[in-house]
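What you see is a predicted model; the values in this text were computed from it and never measured. Count residues from 1 along the sequence.
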Amino acid sequence: MTGGMLEKMARAIQRMQREAVPFDPSNLGDDLASRVDWSPVKGGGASFRTHHLERIDSNRCEFKAAAGAKLFYGVFVVMGLGVAIAFGTAGASSAGLFPVLFGLGFAAIGGVLWYFGAAPIVFDKRRGAFWKGRQSPYDVRNVSELKHHAPLERIHALQIISEYVRGNKSSYYSYELNLVLDDGTRVNVVDHGRLDRLREDAQTLSTFLERPVWDATA
């Protein structure tokens, strides 16, 4: 039996183990938990860690892009620019134009991934708000324009859930950290493949916000 087959069997056993014990939100002892949606807020995710939490000071925590995510984004940029430069310096003939454009497009994808992947994710007690993106609730005239934001006082709990992501070449689990607001609505914070690190960050955030963690993966 090859190593690849053993790995597939191990993943299948892991899936069966996860699915054998369904999560029961009523065990959390909170009526709101039973009314909250426990399906993913956003589909997909990453197989690696995309963000880590930093305690800036006693009044502010931020999720920032992890080193692995920056490396992933940077590969697109470097490879794309490398292809464009290599073919560009060889001569901009009609035959070489496509590789140059392809390389620039590849680099642009990396730039876009970096722009959105490194966008601020902030919990600020001074302003009493959470926001995700390059504009805070105080930088816009109409706060409803922002998709990912919430007053800190409305955060009722932190929710951790898993999603099995199936791809053409690989499948993996990705884990979401979401905010549960006092009306049961949810706001996604981060979504990546390192459950152990996500749990650590959630506990740090739980202490900072003085809110419980509802972990459906435990």
What orientation do Trp38 and Phe23 show, parallel under 30°, tilted 30 to 60°, or perpendicular over 60°? tilted
Aromatic plane relationship, His51 with Phe63 - under 30° parallel, 30 to 60° tilted, over 60° perpendicular: perpendicular
When hydrophobic residues are tied together by side-chain contacts of less than 4.5 Å, even through go-betweens, does Leu209 share a cluster with Val213? yes
With sequence neighbours excluded, what pairs up with [X] under the side-chain contact (heavy atoms from CB on, under 4.5 Å) test?
| X | answer |
| --- | --- |
| Asp37 | Ser39, Arg186 |
| Asp57 | Asn59, Arg60, Arg126 |
| Asp24 | Ser26, Asn27 |
| Arg55 | Cys61, Phe208 |

Could you note down all residue pairs passing salt bridge (Lys or Arg N to Asp or Glu O under 4.0 Å) where residues 203-215 supplies at least one of them, sequence neighbours left out? Arg199-Asp215
When you compare the side chain of Val190 with that of Ile121, does any pair of heavy atoms fall below 4.5 Å? yes
Quick one: are Val189 and Lys132 in side-chain contact, heavy atoms under 4.5 Å? no
How many angstroms lie between [atom1] in [X] and [atom2] in [Y], if you round to the nearest 0.5 Å?
| X | Y | atom1 | atom2 | value |
| --- | --- | --- | --- | --- |
| Leu152 | Asp124 | CG | CG | 7.5 Å |
| Leu158 | Asn178 | CG | CG | 9.5 Å |
| Thr217 | Gln159 | OG1 | CD | 10.5 Å |

The criterion is side-chain hydrogen bond (donor to acceptor under 3.5 Å, both in side chains); which residues satisfy it with [X], sequence neighbours excluded?
| X | result |
| --- | --- |
| Thr185 | Asp183 |
| Gln203 | none |
| His192 | none |
| Asp201 | Arg49 |

ring-ring contact (aromatic ring centres under 6.0 Å, His included) partners of His52, counting only residues at least two apart: none
Can you sort out the partners of Trp131 under ring-ring contact (aromatic ring centres under 6.0 Å, His included), two or more places apart, ordered by chain and number? none
Hydrophobic cluster (4.5 angstrom, side-chain heavy atoms) - remaining members for Val165: Tyr172
Report, as yes or no, whether the 6.0 Å neighbourhood of atom CD on Glu153 holds more than 12 heavy atoms from other residues, nucleotides or ligands. no
